[in-house]
Amino acid sequence: MVIAEYVPIMKALADPNRLAIIEHLTRGEACVCELLELFSVTQPTLSHHMRILSEAGLVSGRREGKWIHYSINVQRLQSFKDFIASIQIVPEAKKGYVCQ
């Protein structure tokens, strides 16, 4: 992936509720009814959060009756984790460019 492909993920995870939803979904699939109760948000608010997470490719949903069950897109999340892990911090002495 190119860097620009990670921007939607970073924007999606910048919200504390969405980050908490992702953390919860790392334990396994969850029904919308469970997420509504757990995060004490309204259905429209949860739908908004889940749409953003889905558009970023972090979650996918499957319909079962009137409920949607969400799960993590493991490959997308792992790719993002690998990208973050690849970012190197260059020590000050090795930067080579000096501002004047």
Side-chain angles (χ1 to χ4, degrees):
M1 283 188 165
V2 294
I3 290 175
E5 293 180 49
Y6 295 110
V7 172
I9 295 174
M10 296 178 93
K11 287 180 178 181
L13 297 178
D15 180 88
N17 288 317
R18 291 191 290 269
L19 188 56
I21 290 167
I22 289 294
E23 195 278 326
H24 180 74
L25 291 176
T26 61
R27 298 183 201 119
E29 184 180 78
C31 176
V32 166
C33 57
E34 177 185 342
L35 296 172
L36 282 169
E37 186 176 313
L38 188 64
F39 293 101
S40 300
V41 295
T42 64
Q43 190 279 325
T45 298
L46 182 63
S47 290
H48 171 74
H49 288 312
M50 299 314 293
R51 180 180 52 78
I52 291 171
L53 291 170
S54 293
E55 288 174 356
L58 291 171
V59 300
S60 58
R62 66 173 182 82
R63 185 168 291 281
E64 187 174 299
K66 69 176 190 169
W67 297 109
I68 299 176
H69 296 258
Y70 285 99
S71 58
I72 292 285
N73 179 337
V74 175
Q75 291 176 328
R76 180 87 164 148
L77 187 58
Q78 186 61 54
S79 174
F80 179 67
K81 287 175 61 178
D82 293 344
F83 167 71
I84 294 298
S86 75
I87 297 173
Q88 299 293 316
I89 299 171
V90 179
E92 194 69 32
K94 292 185 178 183
K95 287 186 178 177
Y97 182 80
V98 178
C99 292
Q100 296 180 12

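Here, residue 1 is the first one in the sequence, and each next residue gets the next number.
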With heavy-atom distances below 4.5 Å as the criterion, would you say the side chains of [X] and [Y] are in contact?
X     : Y     : result
Ile52 : Lys11 : no
Asp82 : Gln78 : yes
Glu34 : His69 : no

Please report the interatomic distance [atom1]([X]) to [atom2]([Y]), rounded to the nearest 0.5 Å.
X     : Y     : atom1 : atom2 : value
Leu35 : Asn17 : CG    : CG    : 11.0 Å
Leu53 : His48 : CG    : NE2   : 9.5 Å
Leu58 : Met50 : CG    : CE    : 9.5 Å

request  = List for me each residue that meets ring pair (Phe, Tyr, Trp, His ring centres under 6.0 Å) alongside Phe83, sequence neighbours excluded, and say none if there are none.
outcome  = Tyr6
Set of residues satisfying side chain to side chain contact (heavy atoms under 4.5 Å, CB included) with respect to Gln88, sequence neighbours excluded = none
ask   = In this structure, which one of Asn73, Ile72, Leu77 forms a side chain to side chain contact (heavy atoms under 4.5 Å, CB included) with Leu25?
value = Ile72
task = Look at the side-chain heavy atoms of Ile, Leu, Val, Met, Phe, Trp and Tyr, link any pair under 4.5 Å apart, and say whether Ile9 and Ile3 land in one connected group.
result = yes
task = May I ask whether Val74 and Leu13 are part of the same hydrophobic cluster, defined by side-chain heavy atoms of I, L, V, M, F, W, Y residues being less than 4.5 angstrom apart, directly or through others?
result = yes
key: Over 12 foreign heavy atoms within 6.0 Å of CD1, Ile87   = yes
query = Will you find, in the side chains of Ser79 and Gln75, an N or O donor that is under 3.5 Å from an N or O acceptor?
reply = no
